[in-house]
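Just below is one structure, and these are the notes that go with it.
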2 protein chains.
Amino acid sequence: MVSIKDVATESGLSVATVSRALNGHPSVSDGARERVLAAVESLGYRPNVVARSLRTDRTGTIGLVISDVLNPYFTELARAVEEEARALGYSVIIGNADERADLEDHHVRGLLERRIDGLLVSPADGRSPMTLEAAAGPTPVVFVDRWIPGADAPVVRADGRDAIRDLVDHLHSLGHRRIAVITGPTATTTGRERIDAFREALAEHGIPLPEAYIGRGDFQAESGRLATERFLDLPEPPDVVFATDNLMALGALDAIAARGLRVPEDIGLAAFDDIPWFSHTDPPITTIAQPTAELGRVAVRALASLIAGEPTSSTVLPAHLVVRRSCGEPATPPQTDRAATGGAARE
Amino acid sequence: MVSIKDVATESGLSVATVSRALNGHPSVSDGARERVLAAVESLGYRPNVVARSLRTDRTGTIGLVISDVLNPYFTELARAVEEEARALGYSVIIGNADERADLEDHHVRGLLERRIDGLLVSPADGRSPMTLEAAAGPTPVVFVDRWIPGADAPVVRADGRDAIRDLVDHLHSLGHRRIAVITGPTATTTGRERIDAFREALAEHGIPLPEAYIGRGDFQAESGRLATERFLDLPEPPDVVFATDNLMALGALDAIAARGLRVPEDIGLAAFDDIPWFSHTDPPITTIAQPTAELGRVAVRALASLIAGEPTSSTVLPAHLVVRRSCGEPATPPQTDRAATGGAARE
DNA sequence: CTGAAAGCGCTTACAG
DNA sequence: CTGAAAGCGCTTACAG
């Protein structure tokens, strides 16, 4: 590989001058700059970022550890993060924890050893010791979507509580009284928030939530399928199921279809996280939409200010209910779908 | 940050011995090893991968440049790549080209400067000069899914030609004669292969493909929507539309739904790329499934052998037709959906 | 405006 | 089994 030394030789200048020319340092003569550029061109020189990073102690890279890349919610988040990071001059390295604490550990450790300038993490598990250690350490950390209570790092997330209350109002107004839920891992903040808010909203309507109507899921499709099968095996199956993320809703659809049942005639379905496909499932799915891309952008900006040593605070953005047809016909006409969600993931 | 020198001081050994102990070098006494580990623990030492990479000239990292992370096909591919890479001891850095040649260039250049050990790329554009340069340069390169004809690098891809012929047979047997297609960018090999194979298969049946029935798309949802709107505006709209990737099929569904039309009664729809949602759209979508995860795994193994200096060849895997209900009722009962596709993306 | 030199944190022949 | 030393490719005070 051709190094800066080769460029120096070729251009008849010192490596110091070559380095300055390449980094746009003001005190380089036009002549020197031209000779450097010519040498770079003829040699096909490509600066070694590894060496530069070692010297400058910054890599121009941020890490993003998410729980599941196959989850369209996180895919959209990751994309927004990359775009905003690129705009600010950072590259991003994504680690996929696949909802596993050990993989989360693996990626956080790897990213730290790689000397990323900052870390964005949506913890798969509130108990991952490496993530806790990272938040306490010198590398700037920002939590996005999920967080670890007590850890010393800003949090950028959506609050789904109001939207969940709206959802329960909606279900109640449609006459549903036997309402089941598929939860996420209780080790995650979003998992806990969603079940807690749901339980409270049901209580406000005096609707019970028996143990049999609670399916313990893990935010992945298979768990949604299994939980739904158990609901359907009950002597008194629920009227409607609330899957607290989009993949578990997909699993629920699988289970319902496998029995030849219809949504919403045989059983209703609501979800958390809006994704483009929910407009085109049979029937379109009523769901709670998060400002996903905005979360990603805000998180990156928060991390960038942390890296710059500026004071940085947490941000909470609202989520909102998108009524479609999967819980039955609404009393009021549904809001126009396209305006509410069509652009979000495909802008 | 605590460095290897601090560990040496703390343990009363030289940095050389600390380095050997940390790297599992055989000639280190048990006593020394224990003291090193104790010092690492008490100091919270984390090796600096940047420094190691500079010294060893390998980063333990491979790059993956794909055209669109929001495309579930590429998401699944990326995930398989990461899993296989991790199994082989590599990290992967993903660059999202968003179907733009300039972004592809940006990422390939960045990855090369970062001194990745090898590069996996699915070119957004056959004319990206950086990608061509990378393929010609010293860093091992493997193309996955798409490739650049003439570039000197192995290719791991699926061949969709037979499956496309099966699809056209299927459409023909259902009585469709006015058949339209939404193509991908002709700058991509997959874009060209799909339209070419489609055209040939139509010709075998003596079915014409008028210019008005060809929508030029870019593998993204919006282009599928626009192309479909134009088809629907035609004095004689097609019986059925073949969208040559899953996102353009989503866009087509958007356009069809926006006019209050039904699939397949008013217009049929077939797609390329199977994804879990296609089982649950209204109606379930007939599509061509690629062995996506396998492509990712094979590509990583090919790249790893290239890195190891072993001879490496290209691989072509077959794609196959999955008949569902979006083109009309099949003459023969549809194959069971779950076995064919359910596991692929959610294993 | 330019260059010589130190040093970032590691690894690894080389010598003992 | 262990250590002193060179060197990976850069950047950046320091001196001129």
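Order of the sequence lines fixes the chain letters, A, B, ..., with proteins taken first and strands second; residue numbering starts at 1 for each chain. Note that these values count all heavy atoms, side chains included, but never hydrogens, waters or copies made by symmetry. Not measured: the values here are computed from a predicted model.
- Between B/I148 and the options B/V121, B/T131, B/T189, a side-chain contact (heavy atoms from CB on, under 4.5 Å) holds for only B/T131.
- Rounded to an integer number of Å, the gap from CZ of A/R115 to C1' of C/dC8 is 11 Å.
- No more than 12 heavy atoms of other residues, nucleotides or ligands shown are found within 6.0 angstrom of CG on A/D57.
- With respect to B/R109 and B/E113, no salt bridge is recorded, no charged nitrogen being found less than 4.0 Å from a carboxylate O.
- Nucleotides C/dC10 and C/dC14 place their P atoms 24 Å apart, quoted to the nearest Å.
- For DNA chain D, runs of at least 3 consecutive pairs of the Watson-Crick or G-U wobble type, with both hydrogen-bonding distances under 3.5 angstrom, map to C:1-3 with D:14-16, C:5-12 with D:5-12, C:14-16 with D:1-3.
- Look at CG on A/L54: it is 17 Å from P on C/dA6, rounded to the nearest Å.
- Using a 4.5 Å cut-off on side-chain heavy atoms (C-beta onward), B/R100 and B/E104 make no contact.
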TODO: Sugar-phosphate means primed atoms, P, OP1 and OP2; the rest is base. With that split, encode nucleotides 11-16 of chain D 5' to 3' as B, S or - using protein heavy atoms under 4.0 Å.
DONE: BBBB--
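- Positionally, the nearest nucleotide of DNA chain D for B/G12 lies more toward the 5' end than for the other of B/D57 and B/G12.
- In this structure, B/V65 and B/S122 have side chains that are not in contact, with every pair of non-hydrogen atoms separated by 4.5 Å or more.
- Taking the charged nitrogens against the carboxylate oxygens, A/R157 and A/E294 have no contact shorter than 4.0 Å, which rules out a salt bridge.
- Residues passing the side chain to side chain donor-acceptor pair (under 3.5 Å) test with A/S27 are A/H25, sequence neighbours excluded.
- For B/N23, the CG atom counts as densely surrounded, since its 6.0 Å shell holds more than 12 non-hydrogen atoms of other residues, nucleotides or ligands.
- Going from atom CE of A/M1 over to atom P of D/dG9 covers 11 Å, rounded to whole Å.
- Nucleotides D/dG16 and D/dT12 are separated by 16 Å at their C1' atoms, to the nearest Å.
- Residues of residues 24-37 of chain B having a heavy atom closer than 4.0 Å to DNA chain D, listed by number: B/P26, B/S27, B/V28, B/S29, B/A32.
- A search for side chain to side chain contact (heavy atoms under 4.5 Å, CB included) contacts involving B/A78 returns B/L64, B/I66, B/I94, not counting sequence neighbours.
- The existence of a salt bridge linking B/R79 and A/D68 is confirmed by a sub-4.0 Å separation between a basic side-chain nitrogen and an acidic carboxylate oxygen.
- Taking atom OH on B/Y45 and atom P on C/dG9, their separation rounds to 10 Å, with Å as the unit.
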Which atom pairs, one a donor and one an acceptor, fall under 3.5 Å between side chains of residues 35-47 of chain B and the rest of the protein, sequence neighbours left out?
| residue | atom | partner | partner atom | Å |
| --- | --- | --- | --- | --- |
| B/R35 | NE | B/S11 | O | 3.4 |
| B/R35 | NH2 | B/S11 | O | 3.1 |
| B/S42 | OG | B/A39 | O | 3.3 |
| B/R46 | NH2 | A/E133 | OE2 | 2.5 |

